[in-house]
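The structure appears right after this line, and notes come after that.
Below, chain A is the first sequence line, B the second, and so on; all start at residue 1.
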Protein chains: 2
Amino acid sequence: MAATIKDVARLAGVSQSSVCRALAAPDQVRPATRERVHQAAAQLGYRPNRVARSLSTGRTGNIGLVLPDIANPFFPGVVKAVQRRAREFDLAVLLADTDEDPAAELELISTMTKQVDGFLLCSPRASDEDLRSVSGDTPVVFVNRRVGRLPSVNFDSADGIRQAITHLAALGHRRVAYVAGPRSSWVNRERLRSIRSVATAMDLEVVEAGNVTPTLEGGIAVADQILAASVTAVIAFNDMIGLGLLSGFNARGVNVPADISVVGFDNIPTAGLVNPPLTSVDMPKEQCGRSGVELLVQLLNDREGRAGSRRLLPTQLIVRGSTGPAART
Amino acid sequence: MAATIKDVARLAGVSQSSVCRALAAPDQVRPATRERVHQAAAQLGYRPNRVARSLSTGRTGNIGLVLPDIANPFFPGVVKAVQRRAREFDLAVLLADTDEDPAAELELISTMTKQVDGFLLCSPRASDEDLRSVSGDTPVVFVNRRVGRLPSVNFDSADGIRQAITHLAALGHRRVAYVAGPRSSWVNRERLRSIRSVATAMDLEVVEAGNVTPTLEGGIAVADQILAASVTAVIAFNDMIGLGLLSGFNARGVNVPADISVVGFDNIPTAGLVNPPLTSVDMPKEQCGRSGVELLVQLLNDREGRAGSRRLLPTQLIVRGSTGPAART
DNA sequence: GCCACTGTTGGAATCGGTTCCAGAACTTTT
DNA sequence: AAAAGTTCTGGAACCGATTCCAACAGTGGC
């Protein structure tokens with residue numbers, strides 16, 4: 001079997017404690033001993049058993065990454081960055097996909113809570129109250145959601161929306177639709193609020209279309225409703241819905257952007273590939289994953305350091321072919 | 001803090017051992033005792049500490065999911081299914097993204113090996129030899145790769161290729177290109193072999209284009225080379241490359257499928273969204289994830305059950321707009 | 001040459017479960 | 001009612017690390 005600390009101790013002719021110190025706190029051990037221990041460890045290919053370590057230190061070396069749907073192309077970029085940054089801190093990532101279900105989310109969190117040191121909750125769907133209570137038990141960093149003053153990483157959507165609406169207004173659009181995402185999504189509520197406020201300020205009229213699932217199907221399903229709303233542009237909660245709209249419009253022979261302009265959020269990789277390519281508000285996903293891990297690590301080290309640090313990442317409108325001058329009405 | 005087994009024992013007025021049995025092996029304990037323990041456990045909200053359990057049982061309750069690039073849209077579907085099925089077996093999923101790097105892959109595996117009961121290695125890039133050695137240490141199920149007779153889940157690519165080439169031949173294509181993926185990819189080598197053999201059998205000529213990264217950029221970069229090869233159709237290692245080709249051809253004013261037909265593999269969600277939509281060989285990703293977990297669980301339970309069970313999943317050509325009759329040459 | 005001091009080291013307790021083993025508590029048999 | 005058998009139960013060892021504490025060695029000062 002794998003070598004344990006005892007094997008190393010025996011081979012090096014020292015006690016367990018010394019082996020442990022030689023590896024964990026090298027300056028507390030005489031160079032000669034340290035050397036012997038290192039050699040013995042190397043010879044046996046010794047790797048400390050993380051489970052045993054966890055038990056005595058109370059730290060697992062794992063972080064939980066919880067997200068609503070990894071099939072949504074927004075997330076893989078974040079996941080990848082989280083993974084990479086976590087590895088640099090010698091942390092492993094436990095992944096949980098909640099299928100957009102708030103109850104499943106809480107259930108998964110509570111199941112995982114003993115095996116992780118902290119959570120990165122991406123776009124969580126649960127209520128503020130429930131999330132607050134999770135955050136009371138375990139260190140948590142929220143991603144793409146703000147819960148009071150708790151640590152979080154967010155995108156400056158408000159600014160993205162300002163850019164998008166300014167862009168549309170400059171193209172002569174006066175009446176635009178907003179296709180809302182899941183009702184349980186905090187980001188959705190935030191975006192709706194920003195859009196209302198920016199639109200009012202810029203004297204645009206906003207028509208709100210029902211909540212749909214943030215998927216292609218959701219966008220396709222709502223296309224008719226948008227066409228009936230006699231708007232010249234539509235802003236979708238995210239790119240998946242935006243792509244669904246493009247697909248729906250195309251199927252109905254509606255020309256984008258000549259007849260109607262479409263703007264999405266997230267700037268997922270596919271956005272630039274379709275025809276016409278989708279104008280979208282880019283979110284720096286890698287930076288987001290990295291920052292999330294960094295904040296969490298900070299939270300884990302500053303034990304009880306109630307420093308509710310929050311980060312806001314910049315967004316940027318990427319103008320592509322799906323937006324153009326407003327159609328004559 | 002959280003309640004431990006001792007707290008439960010004290011409250012129920014029994015020993016630790018009885019608590020443990022009452023919860024793990026209820027039939028070995030008198031109903032009255034069992035009841036008292038359950039009540040005490042419920043009252044304290046007791047949840048066994050998985051770390052402690054792991055240490056004594058030698059099982060972690062985790063499985064490691066290793067894949068080359070989660071940003072490749074082929075994987076999220078698999079990951080989601082793995083996650084879900086694993087949860088049903090009360091297993092947590094540790095995710096590792098290797099960035100297509102064989103060395104990083106082995107390093108990640110060896111780091112994680114102590115904290116998981118087994119691995120699901122998706123499209124691993126390491127050598128047969130290294131993988132065999134990993135498989136000697138820990139239960140492993142290979143996904144999208146075959147290593148000797150070791151347990152694996154694979155797609156019947158050969159059949160998919162037969163379908164694709166038959167389709168192209170029926171459209172009058174006589175000379176097609178194959179854009180190879182990463183040299184380290186086993187699937188790539190397999191596909192190349194199948195294509196050669198099927199093409200020979202059907203009397204088609206195959207031109208092989210250099211190995212590229214299985215990304216959009218890879219496809220775009222190789223577009224010129226394909227155009228220079230005077231073929232009427234091109235088969236790409238995967239859809240990402242296929243989409244890159246479409247994008248590259250479009251940028252050069254080459255019409256698909258009038259001038260050239262394109263076929264991809266994987267049938268990723270984006271394939272149906274671009275214009276023209278990409279003809280692709282579909283792989284049942286969810287089934288793949290589920291089967292992988294099932295095989296692994298089986299392997300974990302049949303300790304030393306050297307049953308090298310392997311599954312082969314069906315593939316299906318999805319014909320879309322990117323393929324059409326061969327251009328006149 | 002003795003004392004005090006810092007620097008190292010080994011022994012043992014600990015984390016929270018699981019499991020073996022021996023003995024206690026019940027049943028059944030005679 | 002005693003003997004034999006079965007079922008339950010508690011004590012203790014164990015998994016593999018970490019860490020506290022006491023003991024020890026070596027150094028320097030006097």
Side-chain angles (χ1 to χ4, degrees), chain A residues 1-38 40-41 44-62 90 92 111-117 300 303, chain B residues 1-38 40-41 44-62 90 92 111-117 300 303:
Chain A
M1 285 299 140
T4 73
I5 199 171
K6 280 185 189 165
D7 301 322
V8 179
R10 200 174 314 128
L11 181 60
V14 297
S15 72
Q16 281 188 49
S17 349
S18 296
V19 175
C20 185
R21 277 184 296 248
L23 300 173
D27 48 327
Q28 283 180 39
V29 107
R30 209 163 32 149
T33 317
R34 190 194 313 157
E35 195 47 39
R36 253 186 309 151
V37 170
H38 278 131
L44 295 172
Y46 171 71
R47 295 270 212 160
N49 181 322
R50 295 183 72 134
V51 172
R53 171 180 297 175
S54 300
L55 188 57
S56 57
T57 61
R59 286 189 138 206
T60 62
N62 298 332
D90 199 30
T111 319
M112 291 169 65
T113 197
K114 280 266 187 34
Q115 28 187 352
V116 301
D117 295 332
L300 294 176
R303 30 179 70 262
Chain B
M1 286 299 138
T4 74
I5 199 171
K6 281 186 189 164
D7 301 322
V8 179
R10 200 173 314 129
L11 181 59
V14 299
S15 71
Q16 280 188 51
S17 350
S18 296
V19 174
C20 185
R21 278 184 295 246
L23 300 173
D27 49 327
Q28 282 181 38
V29 106
R30 210 165 29 148
T33 318
R34 189 194 313 157
E35 194 48 38
R36 254 185 310 152
V37 171
H38 278 130
L44 295 172
Y46 171 72
R47 296 267 213 161
N49 181 322
R50 297 183 71 134
V51 172
R53 171 178 298 174
S54 301
L55 187 56
S56 57
T57 61
R59 286 189 135 205
T60 62
N62 299 331
D90 200 29
T111 317
M112 291 168 65
T113 197
K114 282 268 188 33
Q115 29 188 351
V116 301
D117 295 333
L300 294 177
R303 27 179 70 264

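Side-chain atoms of B:Thr111 and A:Arg50, non-hydrogen and from C-beta on, do get closer than 4.5 Å to each other. A:Arg10 is listed as a side-chain neighbour of A:Asp7, based on a closest heavy-atom distance under 4.5 Å. A 4.5 Å side-chain heavy-atom check between B:Ile5 and B:Arg53 finds every atom pair outside the cut-off. You'll find the side chain of B:Leu300 reaches within 4.5 Å of the side chain of B:Arg59, heavy atoms only.
You can see that DNA chain C meets the heavy atoms of chain A within a 4.0 Å-exclusive cut from C:dT8 to C:dG16, reading 5' to 3'. Along DNA chain D, the stretch of nucleotides lying under 4.0 Å from any heavy atom of chain B spans, 5' to 3', D:dC8 to D:dG16.
Contacts between residues 50-57 of chain A and DNA chain C, defined by a heavy-atom separation below 4.0 Å, involve A:Leu55, A:Ser56, listed by number. Contacts between residues 17-26 of chain B and DNA chain C, defined by a heavy-atom separation below 4.0 Å, involve B:Ser17, B:Cys20, B:Arg21, listed by number.
Distance OG/A:Ser54 to CG/B:Leu55: 9.5 Å, rounded to 0.5 Å.
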Practice item. Run the numbers on B:Val37 and B:Arg34 for side-chain contact (heavy atoms from CB on, under 4.5 Å), then give the verdict. Key: CA-CA 5 Å; B:Val37 171; B:Arg34 189 194 313 157; 5.9 Å; no
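Looking at B:Thr60, its side chain does come within 3.5 Å of a backbone N or O of B:Gln115 through a donor-acceptor pair.
Closest of all the heavy-atom pairs between A:Tyr46 and A:Thr4 is CE1-C, 3.5 Å. Annotation for A:Gly13 and A:Arg36: closest pair O-NH1, 4.2 Å, computed over non-hydrogen atoms. When all heavy atoms are compared, the tightest approach of B:Asp117 to B:Gly61 is OD2-N, 2.9 Å.
Axis orientation changes by 50° from one end of the helix from C:dG1-D:dC30 to C:dT30-D:dA1 to the other, with each end axis drawn from 5 pairs and the value rounded to 10°.
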Per-pair distances, 0.1 Å, donor-acceptor, side chain in residues 17-29 of chain B, under 3.5 Å, sequence neighbours excluded:
residue	atom	partner	partner atom	Å
B:Ser17	OG	B:Ser15	OG	3.3
B:Ser18	OG	B:Ser15	OG	3.4

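Comparing B:Val14 and B:Lys114 by the nucleotide of DNA chain D whose heavy atom lies nearest to each, the residue mapping closer to the 5' end is B:Val14.
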